[in-house]
Amino acid sequence: MLARRSGIPTFLAALLAVAACARPSAPPAEPKRPSPTLARSVPRFDPEPPLHCPDGPPPPREEQNSRDARPLPIRALYLHEEKRAPGARARRIDLGDHYVDFIVAGDYASSTGIGFGWMDPGDSVPLTLDAEVDERWKAWNALKSARLKAFVEASAYGNELETTTGDRAECARRGMEHARTRADALTDAAKRAAAEIVGSLKHRPARTTSEKYVLATALDALDSLASGNAEALPLYAEVVADTRAPAALRAAAADFAASLTIGKTSDAITYLRVVDQLSDERDRRAYALLKIGQLAKDDREALEALTKAMSLATSGPEGNRWNIACDAAQELSDRTMDDEALQPAIDCANEMAFVYPDDPDALLVAPVLARALVRRDRALPEKATIPMDYAGALGRALADEALDVHDYDRARHAARVGADLAPNSKEAPGLLHLLEDLETDPAVRTAIQERRDGQYGPDSAWFLQRVSELSGVPSPTPPTTVEERVRLLHDSGRTVSIPEVGSVAEKTELQDRASSAVTACARPIGSRTPKSIHLSIDTTGKLPRTTATPDGPIARCIAKQAKRFFRSVGPARIDIDLRNVEMAQSESTR
């Protein structure tokens, strides 16, 4: 999921950083009794240089306020209906012709960023190999594990370097350089080990199924940057097709084959379904279903796979259950299937607030939940709740999501309520900063600024608590000093420019809103591209009412999306003719 899929988990890096300077790690173990050839591929390292770190653990973090687990109704943060001042007069706005691209044929596979082959082909795959190949296989896997450990350590030392000074910083710098040197050496050694596996198996006249799998994996590793490995894929396919081979071996081969057929979505999905059918590993099956949901062009097929992935992932206590479930919720939200995405996102938010009380939004679930909420055109039930601790994270995410669709009223409401309900959260001063920018009354703006500076300034308890937290927890991004990071947190507002009523800027923004509604429908829905569509929007009620003509799938989609893009306009009746750019260009050449 969740914004945070391809890097080292924050909590893992933090744990490693805490232990890094106090107890340097041992060099990777060499395989037992290596053959003469293997011995040349396993690097030997000098003992790590002594790291002159100060004795004792990092500065202790101040105790957090006791966790507030009271249930908070989400609708307290989520402004559903618009509020109208008594006697507000409606305006009529004719925006005339506006040229847009109606359909951009979407291919979900091009933007998913999926990491296939997520499980290392190690002990979980049953293999029958002769002594020589088995020894090379185990040595290669040991090198890859040691390489990953070295990269994690280098990252942890680097993060530690950003938050420390003096002797401790020098300790972290030397540790990072040494870990990087080991990682580079292990990378080269792993390549040599893979090449030796290829050399011993590629020219055998008859290979077993296990040998085909090992050879394919080594070939794939040597050509990992290629979009498809012409040599590895047929070998994986043969393993998948061998019904006499163990199911776990066929499932692992299908998982890797899917990664090599990413350019041909139908083949990738076919292989992923084999993983779901044959594997007895819950996490592997759940990830395969998640990938199907991310790749499928048909929303119904995606919904079925994602729902099954969430159910499977959360059926046991161990593994990557909530990572998978929250990623599935995000994909549902991206596809605008509001009702299906909403409850999983709420479940993820509640689980994260429980698992990480110091950082309720550790997996960045709040933006997923906010997206599902903003795309929903129905009121929330009372039972839709989150822990009170989550109010700051969700308030910020709701405000940002609302601003993305120019919904200033909803952003203002989320910022105000989030800051009031979670005054000790890390998002609180940023919410006030945003609220200050959204406020039009100068006196109110001044009062907000005074509150922010007084309650969250450099001498405040909030500021000192954030400094204490960041001093003990490494950060993945610059700037390098704790104080600078806290000030960024304090001033993490978002510049908002609300156009004046009747101005040229307002007309331009309203046209942008209409274009956004069209863009939200940019997917291959199997309908003829229209020449033009007339869109009418009525914002005089508590919710926008929209119609688009002539009727059709594209027009209905645009009318639905326009309901969320034309909030916070004030009472108005708006008309705009959306002309197809491609049609206009083709007509001009006749």
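When a residue number appears, it is its place in the shown sequence, counting from 1. It should be emphasised that the depicted structure is a prediction, and the values quoted were computed from it without experimental measurement.
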- Message: Looking at Arg573, I'd like to know if its CZ atom is crowded, meaning that more than 12 non-hydrogen atoms belonging to other residues, nucleotides or ligands lie closer than 6.0 Å.
- Response: no
- Message: Tell me whether the count of non-hydrogen atoms from other residues, nucleotides or ligands lying under 6.0 Å of CZ in Arg180 goes above 12.
- Response: no
- Message: Contact between Asp283 and Leu312 at the side-chain level, heavy atoms closer than 4.5 Å - yes or no?
- Response: no
- Query: Is it true that a side-chain atom of Arg564 and a backbone atom of Arg375 form a donor plus acceptor pair closer than 3.5 Å?
  - Reply: no
- Item | Euclidean distance, Leu306 CG relative to Ser311 OG, rounded to 0.5 Å | 12.5 Å
- Task: Please report the closest heavy-atom contact between Tyr157 and Ala179, naming both atoms and the distance.
- Result: CD1-CB, 4.5 Å
- Using modelled atom types only, decide if a donor and an acceptor are shared between the side chain of Tyr78 and the backbone of Pro73 within a distance under 3.5 Å. no
- Please name the pair of heavy atoms, one in Ser460 and one in Gln455, separated by the smallest distance, quoted to 0.1 Å. CB-O, 3.2 Å
- Taking 4.0 angstrom as the limit, do Asp420 and Arg451 come out as a salt bridge? yes
- Message: To the nearest 0.5 Å, what is the distance between CD1 on Ile448 and CG on Leu435?
- Response: 4.0 Å
- Message: To the nearest 0.5 Å, what is the distance between CG on Leu373 and CG on Leu77?
- Response: 9.5 Å
- Query: How close do His98 and Ser515 get, heavy atom to heavy atom, and via which atoms?
  - Reply: NE2-OG, 2.7 Å
- Message: Please determine whether side chain to side chain contact (heavy atoms under 4.5 Å, CB included) holds for the pair Val365 and Tyr390, giving the CA-CA distance in whole Å, both sets of side-chain angles, and the decisive distance to 0.1 Å.
- Response: CA-CA 10 Å; Val365 180; Tyr390 209 77; 3.6 Å; yes
- So do Leu342 and Leu380 actually touch side chain to side chain, heavy atoms under 4.5 Å? yes
- Item | side chain to side chain contact (heavy atoms under 4.5 Å, CB included) assessment of Glu153 paired with Lys149 | CA-CA 6 Å; Glu153 288 179 356; Lys149 179 182 177 183; 3.1 Å; yes
- Given Thr540, which of Arg545, Arg91, Glu82, Arg84 fulfils the side-chain contact (heavy atoms from CB on, under 4.5 Å) condition? Arg545
- Note on the structure: In this structure, CG of Leu394 is separated from CD1 of Ile386 (nearest 0.5 Å) by 4.5 Å
- Looking at Gly395 and Ala414, what are the two nearest heavy atoms and their distance? O-CB, 3.7 Å
- Can you check whether Val152's main-chain N or O pairs, donor with acceptor, with Ser155's side chain at less than 3.5 Å? no
- Which heavy atom of Ala419 sits nearest a heavy atom of Ala428, and at what distance? CB-O, 4.2 Å
- Message: Determine whether Leu290 and Gln294 satisfy the following criterion, side chain to side chain contact (heavy atoms under 4.5 Å, CB included), listing intermediate values before the conclusion.
- Response: CA-CA 6 Å; Leu290 171 62; Gln294 291 171 320; 4.1 Å; yes
- Task: State, with a plain yes or no, whether a side-chain heavy atom of Val374 is found less than 4.5 Å away from one of Asp407.
- Result: no
- Nearest non-hydrogen partners of Gly392 and Leu431, listed with the distance: O-CD1, 4.0 Å
- Side-chain heavy atoms of Arg445 within contact of Asp437, under 4.5 Å: yes
- Message: Can you confirm whether Ile537 sits close enough to Val569 that some side-chain heavy atom of one is under 4.5 Å from a side-chain heavy atom of the other?
- Response: no
- Message: Looking at His406 and Ile498, would you say the former's side chain and the latter's main chain have a donor-acceptor pair under 3.5 Å?
- Response: no
- Item | Residue pair Pro458 / Arg487, side-chain heavy-atom distance below 4.5 Å | yes
- side chain to side chain contact (heavy atoms under 4.5 Å, CB included) evaluation trace for Leu272 with Leu295: CA-CA 10 Å; Leu272 291 168; Leu295 289 172; 4.0 Å; yes
- Considering only NZ, NE, NH1 and NH2 on the basic side and carboxylate oxygens on the acidic side, decide whether Asp361 and Lys426 come within less than 4.0 Å. no
- Query: When rounded to the nearest 0.5 angstrom, what distance separates CD in Glu506 from CD in Gln511?
  - Reply: 11.0 Å
- Query: Do Ile558 and Phe565 have side chains that get closer than 4.5 Å, going by heavy atoms?
  - Reply: no
- So, Arg567 and Asp409, do they make that salt bridge, N to O below 4.0 Å? no
- Query: In terms of side-chain geometry, is the basic nitrogen of Glu304 or Lys308 positioned less than 4.0 Å from the acidic oxygen of its partner?
  - Reply: no
- Message: Return the CZ to CG distance between Arg494 and Leu438, rounded to the nearest 0.5 Å.
- Response: 9.5 Å
- Item | Flag side-chain contact, heavy atom, 4.5 Å: Thr546 against Phe566 | no
